[in-house]
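These numbers come from a predicted model, not from an experiment.
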Amino acid sequence: MTPLTQRRLANFRANRRGWISMWIFAALFFVSLFAEFIANDRPLVAHVDGKWFVPVLADYAESDVIPDGLPTEVDWHAREFREDVAKAGGWMVWPLIPFAYNTVVRDLGQPAPSPPSARNWLGTDDQARDVLARVIYGFRISVLFGFTLTIVSSVIGIAAGAVQGYYGGLTDLLFQRFIEIWRGMPELYLLIILASIITPSFWILLGFLLLFSWMGLTGVVRAEFLRGRNFDYVRAAMALGVSDSRIMLRHILPNAMVATLTFLPFILSGSVVILTSLDFLGFGLPPGSASLGELVNQGKNNLQAPWLALTGFLVLGLMLSLLTFVGEAVRDAFDPRKLPGGGR
């Protein structure tokens, strides 16, 4: 590890708020990756009539579990089926939350949305689905969407900015005019037109937003390459006949990445906000998907159920605050004026 890297790590750790936020966010994201084992309407494991079943990983028919069962998929929450399992001396181990994001909770005892209870810790929404289960699944899909969009758009944006800044001249001029025109496209209107033709999915939304989000880092990288191509060591490499791609990747890009990396946590939070906003407006993921934006929209439509709006607000606020604090720590880590330990 180089002394420069050690200094940056020391500065990152010196920002206690960002350091702790990174570990909290990493822990929450890691837990959400195993959402099927935490919130599911299927048991983790079942033992019936001397046979073992892992419903959380595989589909079973009733006839596979009990001899007199139907050749249809098992409804593990059905009262009759659970009574038959008990008669056969079987048992089941349920997840911590025995509901998936799309499970309709039965026997609520009152109209949905129902308030928080010992059975549904954060209550249910207006379609009688467990809110906590939808939060766990929605958190995971929001972060995965944000990570994917941030990484792919950053790669494209960095490559475009590098070509602009390194070659300059007519290439830079034409590229800048194209970006100005492309940036002026009405993104929301185009998405409304797209949603009226096809049903948006995770990958369709990702591809559509990628058409416009790659321009976020282009200006920063372009400026760094315009500055870096005039350095003496870069001119010396050109004079020695080093290829353009090698000069861009080995000599200029590392310097440009210093400014670029400080923007990535903020771009990630922006990507999460975009997906949440589209789900709130009804142009995001397909209906029924686990979505934080839909939860906020349900809170708006059900003011008599304040737990819906409060849950959506707190989850989004916590997620974006953690990402912002991490971004501030990354900015401090790459600040050349910072001394090791956070001083100046």
Side-chain angles (χ1 to χ4, degrees), residues 9 12-41 44 56 94-103 116 119-125 129-154 202 205-206 261-280 284-285 289-299 307-333:
L9 288 176
F12 185 83
R13 291 194 187 99
N15 191 320
R16 301 299 300 172
R17 183 172 60 185
W19 177 253
I20 295 174
S21 297
M22 183 197 69
W23 283 108
I24 294 176
F25 182 83
L28 292 175
F29 179 57
F30 180 79
V31 170
S32 69
L33 291 177
F34 300 94
E36 286 79 8
F37 296 90
I38 300 173
N40 207 324
D41 56 359
L44 298 176
V56 72
W94 287 89
L96 183 63
I97 304 170
F99 307 105
Y101 69 93
N102 57 353
T103 303
R119 187 185 183 193
N120 305 107
W121 298 349
L122 294 180
T124 61
D125 60 10
R129 298 171 300 190
D130 188 78
V131 173
L132 182 55
R134 293 186 63 79
V135 165
I136 296 174
Y137 283 87
F139 182 89
R140 180 178 66 177
I141 196 171
S142 297
V143 176
L144 289 176
F145 184 90
F147 272 131
T148 307
L149 182 60
T150 300
I151 293 173
V152 179
S153 62
S154 297
F202 182 93
L205 278 177
L206 182 66
L261 289 174
T262 60
F263 284 93
L264 290 183
F266 303 104
I267 295 176
L268 174 59
S269 61
S271 301
V272 173
V273 170
I274 289 175
L275 179 63
T276 303
S277 302
L278 292 177
D279 289 335
F280 177 80
L285 298 174
S289 302
S291 166
L292 299 179
E294 187 199 13
L295 181 61
V296 176
N297 189 35
Q298 288 204 22
W307 57 88
L308 297 177
L310 287 175
T311 300
F313 171 77
L314 292 176
V315 172
L316 287 172
L318 176 63
M319 183 194 310
L320 298 179
S321 297
L322 293 176
L323 290 175
T324 301
F325 295 154
V326 173
E328 292 177 352
V330 172
R331 181 192 60 195
D332 291 345

Please enumerate all residues that pass salt bridge (charged side-chain N to carboxylate O under 4.0 Å, His left out) together with R16, with sequence neighbours excluded.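 Checked R16 against salt bridge (charged side-chain N to carboxylate O under 4.0 Å, His left out); zero matches.
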Output the distance between atom [atom1] ([X]) and atom [atom2] ([Y]), rounded to the nearest 0.5 Å.
{"X": "S32", "Y": "I141", "atom1": "OG", "atom2": "CD1", "result": "11.0 Å"}
{"X": "F202", "Y": "T148", "atom1": "CZ", "atom2": "OG1", "result": "4.5 Å"}
{"X": "L292", "Y": "S277", "atom1": "CG", "atom2": "OG", "result": "11.5 Å"}
{"X": "L318", "Y": "S21", "atom1": "CG", "atom2": "OG", "result": "8.5 Å"}
{"X": "L323", "Y": "I267", "atom1": "CG", "atom2": "CD1", "result": "12.0 Å"}
{"X": "D130", "Y": "N102", "atom1": "CG", "atom2": "CG", "result": "11.5 Å"}

Might you point out which heavy atoms bring [X] and [Y] nearest each other, and give the distance in Å?
{"X": "R129", "Y": "Y101", "value": "CD-O, 3.7 Å"}
{"X": "D125", "Y": "R134", "value": "OD2-CD, 3.6 Å"}
{"X": "G146", "Y": "L268", "value": "C-CD1, 3.2 Å"}
{"X": "V131", "Y": "L308", "value": "CG2-CD2, 3.6 Å"}
{"X": "V143", "Y": "M319", "value": "CG2-SD, 4.4 Å"}
{"X": "S153", "Y": "T150", "value": "OG-O, 3.3 Å"}

Side-chain heavy-atom pair [X], [Y] within 4.5 angstrom cut-off:
{"X": "L132", "Y": "N120", "value": "no"}
{"X": "V31", "Y": "F139", "value": "no"}
{"X": "L28", "Y": "L322", "value": "yes"}
{"X": "S154", "Y": "L264", "value": "yes"}
{"X": "V273", "Y": "L320", "value": "yes"}
{"X": "I136", "Y": "I97", "value": "yes"}
{"X": "F37", "Y": "L44", "value": "yes"}
{"X": "F99", "Y": "T124", "value": "no"}

Can you tell me which residue pairs pass the side chain to side chain donor-acceptor pair (under 3.5 Å) test with a partner in residues 310-325, sequence neighbours excluded? none
Give the C-alpha distance, both sets of side-chain angles, the deciding distance and a yes or no for side chain to side chain contact (heavy atoms under 4.5 Å, CB included) between L316 and V296. CA-CA 9 Å; L316 287 172; V296 176; 3.8 Å; yes
Donor-acceptor contact present, side-chain [X] to main-chain [Y], <3.5 Å:
{"X": "S291", "Y": "G293", "answer": "yes"}
{"X": "D279", "Y": "L285", "answer": "yes"}
{"X": "Y137", "Y": "A39", "answer": "yes"}

What pairs meet the ring pair (Phe, Tyr, Trp, His ring centres under 6.0 Å) rule with one or both residues in residues 13-32, with sequence neighbours excluded?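 Of all non-adjacent pairs touching residues 13-32, those that pass ring pair (Phe, Tyr, Trp, His ring centres under 6.0 Å) are F12-W19, W19-W23, F29-F147, F30-F34.
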Could you please spell out the steps behind the side chain to side chain contact (heavy atoms under 4.5 Å, CB included) verdict for L275 and L205? CA-CA 9 Å; L275 179 63; L205 278 177; 4.1 Å; yes
